[in-house]
Amino acid sequence: MMLRSLCRAGGAILQQTQRTAPRLWVTPAQQRWASSLPMNTVVLFVPQQEAWVVERMGRFHRILEPGLNFLIPLLDRIRYVQSLKEIVIDVPEQSAVSLDNVTLQIDGVLYLRILDPFKASYGVEDPEYAVTQLAQTTMRSELGKLSLDKVFRERECLNSNIVHSINQASDDWGIRCLRYEIKDIHVPPRVKESMQMQVEAERRKRATVLESEGQREAAINVAEGCKQAQILASEGEKAEKINNATGEAQAVVAKAEAKAKAIRMLSEALTEQNGNAAASLNVAEQYVSAFSNLAKESNTILLPSNTGDISSMVTQAMTIYSTLAKQSPRVTAEAAAVENREKLQNQSTSIQ
């Protein structure tokens, strides 16, 4: 009964102290309260995610775990209450100078957690103030290494560098910085106007470059089309000439074959009965025709000595044919006529 009444009294006192006892981290004021800590009621119930640092006769004794705990009255005292939850701290706005001498107004948010309640209690007097000041100084130092353009482009890298620098200094405090985020970056009005003008100029530049590239591509396409058209036209002309030459060659071959066939037929006809008489008649006709054409086509008129004697002209032509026939029995009437025509032309030339 006595133990039960003592537990009830301790629980009532604990509830009352928990209503009035503040946390280690207070978000609105962001200051830790050093007073109004839980009293030693012998029987204590520690909430989850909290660590109570107990001193015995002014010296560190132990850290109370969440749940039921017993302390010795008068000897043990709860000196610090640490929260093991992730804590969010607003870093106040501050001014920083970039590498290109531009003054910036920048603020951020710091996320941290207490890993060692003993170091957080005895390693630094005010952990919140220390971490906040460290974040501000680190932010100014990191911003001084970057130009204005890189501050906006490499914000993630800047946050990572700040977290790394904070963790190097806060290891002795039992605090671990999880991440740091930059909220707002304010630049001077004139710098902002110049940045806006730079952005507009950059956009106009890109538009001009794209337009020129489009014109270049169009000119290249037109030139390529003209080139292909000329190539196709030349290939077509080449094919036409080849076809014409092939046709002419075939025509010449066909004419030669036809002429050879005619000569063979004529030679066969000459070997038959009365072939010589027919050849003589043909030669006489061609002689007369050649003489008449020669008289028409030339400005000079050729008149033989015996113009009125047609029989003598025919006799002369037959004499020429007979002479050629004796030299080559198988000479054709066409060949004799051609030779006779050439001789007549020679005679006309000598007369002129």
May I ask you to test the [X]-[Y] pair for a side-chain heavy-atom distance under 4.5 Å?
X    : Y    : result
V109 : I89  : no
R179 : Y111 : yes
T41  : P73  : no
S83  : I114 : no
V53  : Y122 : yes
E235 : L232 : yes
L71  : W52  : no
R176 : D171 : yes

Just by distance, do the side chain of [X] and the backbone of [Y] share a donor-acceptor pair under 3.5 Å?
X    : Y    : value
S141 : T137 : no
S234 : Q230 : yes
D107 : P92  : no
T138 : A135 : no
S147 : L99  : no
N40  : I72  : yes
N167 : C177 : yes

Atom [atom1] in [X], atom [atom2] in [Y]: separation rounded to 0.5 Å?
X    : Y    : atom1 : atom2 : result
L178 : E86  : CG    : CD    : 4.5 Å
I63  : R79  : CD1   : CZ    : 14.0 Å
I162 : L110 : CD1   : CG    : 9.5 Å
L158 : I182 : CG    : CD1   : 4.0 Å
R140 : S95  : CZ    : OG    : 7.0 Å
L112 : E128 : CG    : CD    : 9.0 Å

Going hydrophobic residue to hydrophobic residue with side-chain gaps under 4.5 angstrom, can you get from V42 over to L68?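 In one cluster with V42: L68, yes.
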Is V97 reachable from V151 through a run of I, L, V, M, F, W or Y residues, each pair having side-chain heavy atoms under 4.5 Å apart?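 As far as the 4.5 Å side-chain criterion goes, V97 and V151 are not connected within one cluster.
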K150 vs R153, side-chain contact (heavy atoms from CB on, under 4.5 Å): CA-CA, chis, key distance, verdict: CA-CA 5 Å; K150 290 186 178 180; R153 291 198 303 263; 3.6 Å; yes
Test log, rule side-chain contact (heavy atoms from CB on, under 4.5 Å), inputs R113 and I175: CA-CA 6 Å; R113 176 176 293 171; I175 299 174; over 6 Å; no
Does [X], at its [atom1] atom, have more than 12 non-hydrogen atoms belonging to other residues, nucleotides or ligands within less than 6.0 Å?
X    : atom1 : answer
L210 : CG    : yes
H164 : NE2   : no
E217 : CD    : yes
K183 : NZ    : yes
R77  : CZ    : no

On a heavy-atom basis, which atom in [X] and which in [Y] lie closest, and how many Å separate them?
X    : Y    : answer
A120 : P127 : O-CG, 3.5 Å
K119 : D172 : CB-O, 3.8 Å
M39  : I78  : O-CD1, 4.3 Å
S212 : V209 : OG-O, 2.7 Å

Let's go through V54 and Y80 carefully: what are the C-alpha distance in whole Å and the side-chain angles of both, what is the deciding distance for side-chain contact (heavy atoms from CB on, under 4.5 Å) to 0.1 Å, and is it a yes or a no? CA-CA 7 Å; V54 177; Y80 300 100; over 6 Å; no
Apply side-chain contact (heavy atoms from CB on, under 4.5 Å) to the pair E202 and Q198, showing each step before the final yes or no. CA-CA 6 Å; E202 185 67 24; Q198 182 181 1; 5.6 Å; no
Kindly indicate, with the supporting measurements, whether the criterion salt bridge (charged side-chain N to carboxylate O under 4.0 Å, His left out) is fulfilled by E237 and K241. CA-CA 6 Å; E237 185 177 357; K241 290 182 178 180; 3.6 Å; yes
Using the side chain to side chain donor-acceptor pair (under 3.5 Å) definition, which of the options H61, R62, R56 pairs with D76? R56
Modelled atom types, side-chain donor and acceptor of S121 and Q82, under 3.5 Å: yes
Verify salt bridge (charged side-chain N to carboxylate O under 4.0 Å, His left out) between K145 and E142, making sure each step is shown before the conclusion. CA-CA 5 Å; K145 301 177 183 178; E142 293 295 331; 3.7 Å; yes
